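Written out below as structure tokens is the structure these notes cover.
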Amino acid sequence: MTTLTITRPDDWHVHLRDGEALTTTVPDISRYFGRAIIMPNLVPPVTNAELATQYHQRIMAANVNGSTQNTTFQPLMVLYLTDKTTAQEIFDAKATGIVFAAKLYPAGATTNSSSGVTNVDNIADVLAAMQEVGMPLLIHGEVTDSHIDIFDREAIFIDTILTPLVAKYTDLKIVLEHITTKNAVEFVEQAGNNVAATITVHHLLFNRNDMLVGGIRPHYYCLPILKRNIHQQALIAAATGGSVKFFLGTDSAPHPQNAKESACGCAGSYTAHAAIELYAEAFEAAGALDKLEGFASLHGPAFYNLPVNNDKITLEKAQWHVPATMSFGKDVVVPIRANDTIAWQVKD
Ligand SMILES: NC(=O)N[C@@H](CC(=O)O)C(=O)O
Ligand SMILES: [Zn+2]
Ligand SMILES: [Zn+2]
């Protein structure tokens with residue numbers, strides 16, 4: 001039997017949601033991930049130190065009560081930036097010791113982003129404060145102008161917002177989250193060492209044909225939206241190429257089944273039930289299983305100046321069946337690969 005042993009990986013971008021949903025999402029993500037960066041787009045959003053501290057406690061409670069009881073799992077909390085965020089709120093968040101980063105959602109760009117930033121000029125003091133205290137900036141990189149085509153929104157964000165931002169804050173750590181285009185790969189490659197990107201497994205495994213040919217498949221609908229095959233190929237090359245600038249961020253983003261299978265379905269795909277297993281498939285298909293450990297376990301800690309996890313996990317090539325739905329609070333979520341098989345399994 002083929003097995004693969006790697007340093008325990010981390011998830012540098014995930015949505016756990018809140019309330020009863022935590023009883024599904026926390027055990028799924030803490031099953032083998034050492035740390036996870038927890039996205040703050042709750043309703044209402046996690047906009048200050050106090051809300052982040054309370055959310056951290058709810059996640060830790062779900063971890064202890066959950067089936068896995070991974071006592072070493074570490075959620076890294078994130079502040080949601082708004083037009084009204086102050087520099088003092090950054091200092092207060094930093095002082096908690098549990099807020100790790102802050103997130104820029106352009107207002108209206110994605111799920112629960114209506115309180116996001118309408119113009120980055122409004123948060124100039126906040127970005128300066130983050131640079132001063134060494135708090136990384138995580139970015140959902142899409143413009144929101146209604147006349148800009150949805151497939152062009154990431155590339156135009158890079159040209160019009162990100163390029164000047166990176167030029168202005170030369171000491172700020174910036175992560176362009178869940179990149180989806182060749183443009184983003186090229187931007188990150190040519191930028192300084194303070195700029196990196198996360199790549200989801202669904203953007204490695206799928207392109208827009210998977211979502212749209214032969215019928216519309218709402219569970220593949222996420223933001224930034226799946227692009228054409230040439231972009232998928234650029235992402236695969238970036239993830240498997242060994243560059244320390246690219247690392248794992250699942251962007252696992254569950255929504256109830258009825259909110260996805262709807263006349264106006266929400267953006268987000270659930271992958272936390274099988275994240276590293278699906279990444280293993282993508283890396284194997286690219287003939288690059290030997291590059292999985294760097295991408296999943298080493299590049300993120302190197303970028304964020306954190307220690308590498310000090311133990312290992314083992315994957316084995318053994319097919320298993322993904323259920324059609326999984327419980328998700330009072331609802332159910334349809335996971336990626338629902339009612340289908342996955343080639344790899346994590347050994348207990
Ligand atoms: N990726 C998504 O399509 N959705 C995410 C938000 C986000 O990460 O943009 C969500 O919270 O549902
Ligand atoms: Zn996003
Ligand atoms: Zn996300």
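All heavy atoms count here, side chains included; hydrogens, waters and symmetry mates do not. None of the values given here were measured: they were computed from a predicted structure.
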Practice problem: Determine, stepwise, if the pair Leu137 / Val175 fulfils side chain to side chain contact (heavy atoms under 4.5 Å, CB included). | Solution: CA-CA 6 Å; Leu137 175 68; Val175 181; over 6 Å; no

Self-check item: CA sep, side-chain torsions, deciding dist, call: Leu204, Gln232, side chain to side chain contact (heavy atoms under 4.5 Å, CB included)
Solution: CA-CA 6 Å; Leu204 295 177; Gln232 181 192 10; over 6 Å; no

Practice problem: Just do the side chain to side chain contact (heavy atoms under 4.5 Å, CB included) check on Leu248 and Thr250 with the steps written out, would you? | Solution: CA-CA 6 Å; Leu248 186 157; Thr250 61; 3.9 Å; yes

Practice problem: Determine, step by step, whether Leu298 and Val244 satisfy the side chain to side chain contact (heavy atoms under 4.5 Å, CB included) criterion, reporting the C-alpha distance in whole Å, the side-chain angles of both residues, the deciding distance to 0.1 Å, and the verdict. | Solution: CA-CA 8 Å; Leu298 308 179; Val244 296; over 6 Å; no

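For the pair Arg35 and Phe73, the cation-pi criterion (under 6.0 Å, within 45° of the ring axis) is not fulfilled. Under the 6.0 Å distance and 45° angle rule, Lys260 does not count as a cation-pi partner of Tyr221.
Side-chain N or O atoms of Thr163 include none that pairs as donor or acceptor with a backbone N or O of Thr160 at under 3.5 Å. Side-chain atoms of Glu177 never come within 3.5 Å of backbone atoms of Leu138 as a donor-acceptor pair (strictly under, hydrogens ignored). A donor-acceptor contact shorter than 3.5 Å is absent between the side chain of Glu154 and the backbone of Glu142. A donor-acceptor pair is defined here as one N or O able to donate and one able to accept, closer than 3.5 Å; such a pair exists between the side chain of Glu89 and the backbone of Thr86. Side chain of Ser30 to backbone of Val26: a donor-acceptor contact under 3.5 angstrom is found. A donor-acceptor pair under 3.5 Å is formed between the side chain of Lys245 and the backbone N or O of Val195. Under the 3.5 Å distance criterion, the side-chain polar atoms of Asp152 are left unmatched by any main-chain donor or acceptor of Asp149. A distance-only check finds no donor-acceptor pair linking the side chain of Ser297 to the backbone of Gly294 [under 3.5 Å].
Counting non-hydrogen atoms of other residues, nucleotides and ligands closer than 6.0 Å to CD of Glu189 gives a total above 12. Few gaps surround CG on Asp311; more than 12 heavy atoms of other groups in view lie less than 6.0 Å from it. Counting heavy atoms of neighbouring residues, nucleotides and ligands inside a 6.0 Å radius, atom CZ of Arg217 exceeds 12 of them. When the shell of 6.0 Å around NZ of Lys182 is examined, it contains 12 or fewer heavy atoms from other residues, nucleotides or ligands. The number of heavy-atom neighbours closer than 6.0 Å to CG of Asp145, taken from other residues, nucleotides and ligands shown, is above 12. Atom CD1 of Ile216 has 12 or fewer neighbouring heavy atoms from other residues, nucleotides or ligands inside a 6.0 Å radius.
The shortest distance between side-chain heavy atoms of Ile29 and Asp11 falls below 4.5 Å. Residues His231 and Asn183 have side chains in contact (heavy-atom distance under 4.5 Å, counting atoms from C-beta outward). Leu4 places none of its side-chain heavy atoms less than 4.5 Å from the side chain of Thr314. Side-chain contact check for Ile174 versus Val166: some heavy-atom pair is nearer than 4.5 Å. For the pair Glu293 and Thr5, the minimum side-chain heavy-atom distance is 4.5 Å or more. Residues Met39 and Tyr105 meet the side-chain proximity criterion, which asks for heavy atoms closer than 4.5 Å. Considering only heavy atoms from C-beta on, Asn305 comes within 4.5 Å of Lys173 through its side chain. Looking at heavy atoms from C-beta onward, Ile342 lies out of side-chain contact with Gln319 at the 4.5 angstrom threshold.
Checked for salt-bridge contact, Lys317 and Glu284 meet the test: a charged N lies under 4.0 Å from a carboxylate O. Using a 4.0 Å cut-off between charged side-chain N and carboxylate O, Glu277 and Arg31 make a salt bridge. Salt-bridge annotation for Glu281 and Arg337: present, with a side-chain N of the basic residue lying under 4.0 Å from a carboxylate O of the acidic one. Under a 4.0 Å N-O distance rule, the pair Asp18/Arg58 qualifies as a salt bridge.
Hydrophobic cluster membership is shared by Met211 and Phe206, with clusters built from Ile, Leu, Val, Met, Phe, Trp and Tyr side chains linked at under 4.5 angstrom. Both Leu226 and Ile336 belong to a single network of hydrophobic side chains, linked directly or stepwise wherever heavy atoms of I, L, V, M, F, W or Y lie under 4.5 Å apart. Val126 and Tyr80 end up in different hydrophobic clusters when Ile, Leu, Val, Met, Phe, Trp and Tyr side chains are linked at under 4.5 Å. Two different hydrophobic clusters hold Val213 and Tyr220 under the rule that ILVMFWY side chains link at heavy-atom gaps under 4.5 Å. Leu51 is connected to Ile98 through a chain of hydrophobic side-chain contacts under 4.5 Å among Ile, Leu, Val, Met, Phe, Trp and Tyr, so both are in one cluster.
The shortest non-hydrogen separation linking Leu176 to Ala184 is CD2-CB, 4.1 Å. The two atoms that bring Met130 and Ala102 nearest to each other are CE-CB, 3.6 Å, heavy atoms only. The minimum heavy-atom distance linking Pro9 with Asn309 is given by the pair O-ND2, 3.6 Å. Of all heavy-atom pairs spanning Ile38 and Pro75, the tightest one is CG1-CB, 3.7 Å. Nearest heavy atom pair, residue Thr240 against residue Ala288, reads CB-CB, 3.6 Å. Considering all non-hydrogen atoms of both residues, Ala282 and Leu205 come closest at CB-CD2, 3.7 Å.
Rounded to the nearest 0.5 Å, atoms NZ (Lys291) and OG (Ser243) are 11.5 Å apart. Rounded to the nearest 0.5 angstrom, Tyr304 OH and Leu76 CG are separated by 9.0 Å. Interatomic distance, Ile139 CD1 to Leu165 CG, rounded to the nearest 0.5 Å: 5.5 Å. Taking CZ of Arg17 as the start and OG of Ser252 as the end, the distance is 8.5 Å to the nearest 0.5 Å. How far CD1 of Ile313 is from CG of Asp348: 11.0 Å, rounded to the nearest 0.5 Å. Rounding to the nearest 0.5 Å gives a distance of 14.0 Å between OG1 of Thr198 and NE2 of His299.
With 3.5 Å as the limit, one finds no donor-acceptor pair spanning the side chains of Asn194 and Tyr169. Side-chain contact of His219 with Gln257: a donor-acceptor pair under 3.5 Å is absent, judged by distance alone. Thr118 and Asn122 are linked by a side-chain donor-acceptor pair at a separation below 3.5 angstrom, with hydrogens and angles left out of the test. There is no side-chain donor-acceptor pair under 3.5 Å between Thr82 and Thr47. Side-chain polar atoms of Thr3 and Glu316 form no donor-acceptor pair below 3.5 angstrom. Side-chain contact of Lys227 with Thr180: a donor-acceptor pair under 3.5 Å is present, judged by distance alone.
Ring planes of Phe247 and Trp12: perpendicular class, angle over 60° (limits at 30 and 60°).
If you look at Trp344 and Tyr279, their ring centroids are not closer than 6.0 Å.
Remark: of the listed residues His13, His203, His202, His140, His13 is the sole one forming a side-chain hydrogen bond (donor to acceptor under 3.5 Å, both in side chains) with Asp251.
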